[in-house]
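Below you'll find the structure, written out as structure tokens, and then a few comments.
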Amino acid sequence: MDFTAIDFETATRRSDSACQLAAVRVRGGEIVDSASWLIRPRPFVFSPANIQIHGITPGMVRDESEFGDLWPEIQSTLGDDCLIAHNASFDLGVLMACLESHDHPVPDMQYSCTRAIARRTWPQQPRFGLKPLSDWLGIRFRHHDALEDSIACAKIALAAAEDSGASTLEALETKLSLSRGSAGAWGKKGPTARRASTRRKSSPRRASTRTSEVAIAGSTMATATMSNTSVSTAPPRPCGISDSGVDLQRLMIRADFIRPLEGRKVVFTGVLTKLQREEAEILTSRCGGKCQSSVSRKTDLVVVGELDSRTVNAGRTMSSKEATARQLADEGAAVKIMTEQEFLEMIIAM
């Protein structure tokens with residue numbers, strides 16, 4: 001995954017009124033560099049409505065360079081990369097309008113759009129704005145700051161690639177049947193569907209006729225809460241919903257960005273009902289944690305499931321691992337004992 005994510009903020013409704021631009025370079029699926037420019041628009045006019053959106057005032061850019069003077073540096077930063085933006089038609093339109101307004105030729109460019117990518121990767125999502133998607137993926141950022149928006153855009157593209165099993169942007173576009181957009185002195189043509197995407201089969205309209213299948217839900221990751229909604233047995237399930245109703249796909253993607261268990265040692269005991277044991281261990285690893293087979297003073301978390309048959313047959317009320325953890329806790333060890341539900345809530349809340 002090699003590309004550069006960009007985002008513009010404008011001073012007015014005019015496309016050539018850029019007042020901020022940011023670019024985030026991605027190489028091999030990792031963000032490796034970023035740049036941001038404050039720009040003095042020409043004419044030097046700001047709309048109060050635009051200021052209210054992004055917070056950039058005339059005083060903040062009065063002494064900054066105009067776009068035409070910054071273009072050589074910007075062009076060098078962008079290079080020949082495929083440019084990615086959220087609602088890319090807007091950002092490419094601003095770039096082209098600024099070039100024309102400042103008498104610079106418009107170079108040939110390739111670009112793609114994370115809104116289009118997201119629609120094909122997660123068709124079951126109700127909203128595809130930068131903020132709703134970022135909230136769902138657990139990407140924390142300050143909206144309408146060009147640099148933070150660019151980083152969020154890059155992370156959405158990387159999350160889509162990971163979920164689709166694509167190692168390059170070209171492979172992702174192929175999997176999503178999405179053609180790349182292009183622009184130049186002749187104008188621009190945005191990304192378009194190469195053919196009807198089979199991923200559309202799990203559309204929100206069709207899924208809405210089924211019983212809700214997500215037990216871990218919420219309009220955003222920041223405010224997600226646990227739900228007791230029962231799991232539908234009607235096949236097929238939407239992408240990422242496990243047999244227990246857990247949106248494992250979302251948790252896995254979020255885990256790579258947030259890593260809420262970084263450095264923690266985790267022990268699972270008993271029978272898990274919301275995740276399979278293997279899923280729980282993979283999720284822990286993706287969250288930055290390390291699974292242990294036994295409890296010790298170095299253990300940070302013990303996640304307790306339902307009693308298994310061996311514990312019940314032995315006439316015990318808790319597993320030996322839980323008993324050890326409680327004894328260590330009584331002795332002052334910093335081990336935390338929680339249910340599987342509490343474990344999942346903790347990962348969402350972090």
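- Formation of a donor-acceptor pair under 3.5 Å by the Asp308 side chain with backbone atoms of Val271 is not found in this model.
- Phe46 and His54 have perpendicular rings, their planes meeting at more than 60° on a 0 to 90° scale where under 30° would count as parallel.
- If you take CZ on Arg142 and CD1 on Ile151, they are separated by 11.0 Å, rounding to the nearest 0.5 Å.
- Annotation: the span from Thr284 atom OG1 to Ile347 atom CD1 amounts to 6.0 Å, rounded to 0.5 Å.
- Using cut-offs of 30° and 60° for the angle between ring planes, the Trp122 and Trp136 rings count as perpendicular.
- Distance alone, capped at 3.5 Å, places no donor-acceptor pair between the Glu173 side chain and the Ser179 backbone.
- Between Lys336 and Val302, every side-chain heavy-atom pair lies at or beyond the 4.5 Å cut-off.
- Leu83 and Phe90 end up in the same hydrophobic cluster when Ile, Leu, Val, Met, Phe, Trp and Tyr side chains are linked at under 4.5 Å.
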Please determine whether side-chain hydrogen bond (donor to acceptor under 3.5 Å, both in side chains) holds for the pair Thr299 and Gln292, giving the CA-CA distance in whole Å, both sets of side-chain angles, and the decisive distance to 0.1 Å. CA-CA 8 Å; Thr299 303; Gln292 294 181 314; 2.7 Å; yes
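- Between the side chain of Arg277 and the backbone N or O of Gly270, at least one donor-acceptor pair lies under 3.5 Å.
- Every side-chain hydrogen bond (donor to acceptor under 3.5 Å, both in side chains) that Lys188 has, sequence neighbours left out, goes to Ser89.
- One N or O on the side chain of Tyr111 and one on the backbone of Gly190 form a donor-acceptor pair closer than 3.5 Å.
- Although no hydrogens or angles enter the test, the distance criterion places a donor-acceptor pair under 3.5 Å between the side chain of Ser134 and the main chain of Leu130.
- Salt-bridge annotation for Asp300 and Lys290: absent, with no side-chain N of the basic residue lying under 4.0 Å from a carboxylate O of the acidic one.
- Between Phe8 and Phe67, the ring planes are tilted. Angles from 30° to 60° get that label.
- We find that Glu162 and Arg286 are joined by a salt bridge, their nearest charged nitrogen and carboxylate oxygen being less than 4.0 Å apart.
- Remark: the backbone N or O of Ala171 is paired with a side-chain donor or acceptor of Thr168 at under 3.5 angstrom.
- Cation-pi geometry between Arg42 and Phe44 is not met at under 6.0 angstrom from the ring centre and within 45 degrees of the axis.
- Trp37 and Glu73 share a side-chain donor-acceptor pair at under 3.5 Å.
- For Glu322, the side-chain hydrogen bond (donor to acceptor under 3.5 Å, both in side chains) test picks out Arg326, with sequence neighbours left out.
- Heavy-atom contacts from other residues, nucleotides or ligands closer than 6.0 Å to CZ of Arg316 number more than 12.
- Among residues two or more places apart in sequence or in another chain, the salt bridge (charged side-chain N to carboxylate O under 4.0 Å, His left out) test is passed with Arg25 by Asp33.
- Thr311 contributes no side-chain N or O that, together with a main-chain N or O of Leu307, makes up a donor-acceptor pair within less than 3.5 Å.
- Under the 3.5 Å distance criterion, with hydrogens and angles disregarded, no donor-acceptor pair is assigned to the side chains of Thr12 and Ser47.
- For the 3.5 Å distance criterion, the side chains of Asp81 and Thr4 qualify, holding a donor opposite an acceptor.
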